Visitor: 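A single structure is presented below for examination.
Only a predicted model underlies this, so the values are computations on that prediction, with no experimental measurement involved.
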Amino acid sequence: DPLRFSGVRTLTVLNGHDALRRAEELIPDLIILDYRLPDLHGRDLCRQLRANPATMQVPILVVTASPQDNPDSGCPDAVLTKPCLLPTLLAASRLLLRRVLAAPSRPAAPTA
């Protein structure tokens, strides 16, 4: 994983349903996704993440070969077009993370 070599701690999942489950469990600082997933469209994944109170504040960066698939203005926070160079991906990630660090702390995820 090229991001790991850049000092970024990452977790990779293979499909949208796993991404939803893991995002809710871990509440990551940033989600990077592609619209082309094997089980659901990344746009739908983005909407579901935004609809979930636990993940609604997590910034979402899409890296896709199909940027025209982005009809929603509020989801994702940023879109990069493939092929994307690693320095570009890192710069976009840092910008989104700066926004998170500058914002008031996000509310804790609801517990059962």
Side-chain angles (χ1 to χ4, degrees):
D1 181 349
L3 287 174
R4 284 192 183 147
F5 293 122
S6 300
V8 176
R9 191 173 68 172
T10 64
L11 173 70
T12 303
V13 295
L14 301 177
N15 62 59
H17 290 100
D18 284 346
L20 283 170
R21 183 177 51 78
R22 297 299 293 209
E24 188 169 6
E25 288 172 3
L26 301 174
I27 314 299
D29 294 326
L30 174 69
I31 296 172
I32 301 173
L33 67 94
D34 192 335
Y35 280 141
R36 311 261 173 171
L37 299 171
D39 55 346
L40 69 140
H41 195 283
R43 181 179 54 240
D44 297 327
L45 171 59
C46 194
R47 286 184 189 137
Q48 290 179 46
L49 289 164
R50 288 289 185 247
N52 184 333
T55 57
M56 67 188 328
Q57 299 297 321
V58 177
I60 299 172
L61 171 62
V62 169
V63 181
T64 182
S66 305
Q68 69 278 4
D69 284 350
N70 187 33
D72 298 327
S73 60
C75 190
D77 296 287
V79 177
L80 295 176
T81 302
K82 287 183 185 180
C84 176
L85 298 174
L86 182 58
T88 304
L89 177 63
L90 288 172
S93 298
R94 285 186 188 114
L95 283 172
L96 289 173
L97 288 171
R98 264 191 229 140
R99 188 188 82 191
V100 169
L101 294 174
S105 73
R106 43 181 180 208
T111 57

Visitor: Find out whether L80 and V62 are in side-chain contact, i.e. whether some heavy atom of one side chain is under 4.5 Å from a heavy atom of the other.
Guide: no

Visitor: Show the nearest heavy-atom pair for residues G42 and L37, with the distance to one decimal.
Guide: CA-CD1, 4.0 Å

Visitor: Applying a strict under-4.5 Å side-chain criterion to I, L, V, M, F, W and Y, I'd like to know whether I32 and L86 cluster together.
Guide: yes

Visitor: Mark yes or no for whether N52, through its side chain, and E24, through its backbone, hold a donor-acceptor pair below 3.5 Å.
Guide: no

Visitor: With rounding to the nearest 0.5 Å, note down the distance linking SG in C75 to CE in M56.
Guide: 11.0 Å

Visitor: In sequence, state the C-alpha distance, the side-chain angles, and the governing distance for I27 and T55, and then conclude on side chain to side chain contact (heavy atoms under 4.5 Å, CB included).
Guide: CA-CA 6 Å; I27 314 299; T55 57; 4.3 Å; yes

Visitor: With side chains defined as the heavy atoms from C-beta onward, is the minimum distance between L61 and D77 less than 4.5 Å?
Guide: no

Visitor: Any side-chain heavy-atom pair from V63 and D34 closer than 4.5 angstrom?
Guide: no

Visitor: Working to the nearest 0.5 Å, report the span between CG of L96 and CG of D29.
Guide: 11.5 Å

Visitor: What's the separation between atom CG in L11 and atom CG in L26, rounded to the nearest 0.5 Å?
Guide: 6.0 Å

Visitor: Once rounded to the nearest 0.5 Å, what's the spacing between atom CZ of R94 and atom CG of L30?
Guide: 12.0 Å

Visitor: Which heavy atom in P28 sits nearest to a heavy atom in A23, and how many Å separate them?
Guide: CD-O, 3.5 Å

Visitor: Quick one: does any side-chain atom of D39 pair with a main-chain N or O of G16 as donor and acceptor, under 3.5 Å?
Guide: yes

Visitor: When rounded to the nearest 0.5 angstrom, what distance separates CG in L33 from NE2 in H41?
Guide: 10.0 Å

Visitor: How long is the gap from CD on Q57 to CZ on R50, to the nearest 0.5 Å?
Guide: 7.5 Å

Visitor: For residues L40 and V58: do they belong to one hydrophobic cluster (side chain heavy atoms under 4.5 Å, members Ile, Leu, Val, Met, Phe, Trp, Tyr)?
Guide: yes

Visitor: Find out whether L45 and I31 are in side-chain contact, i.e. whether some heavy atom of one side chain is under 4.5 Å from a heavy atom of the other.
Guide: no

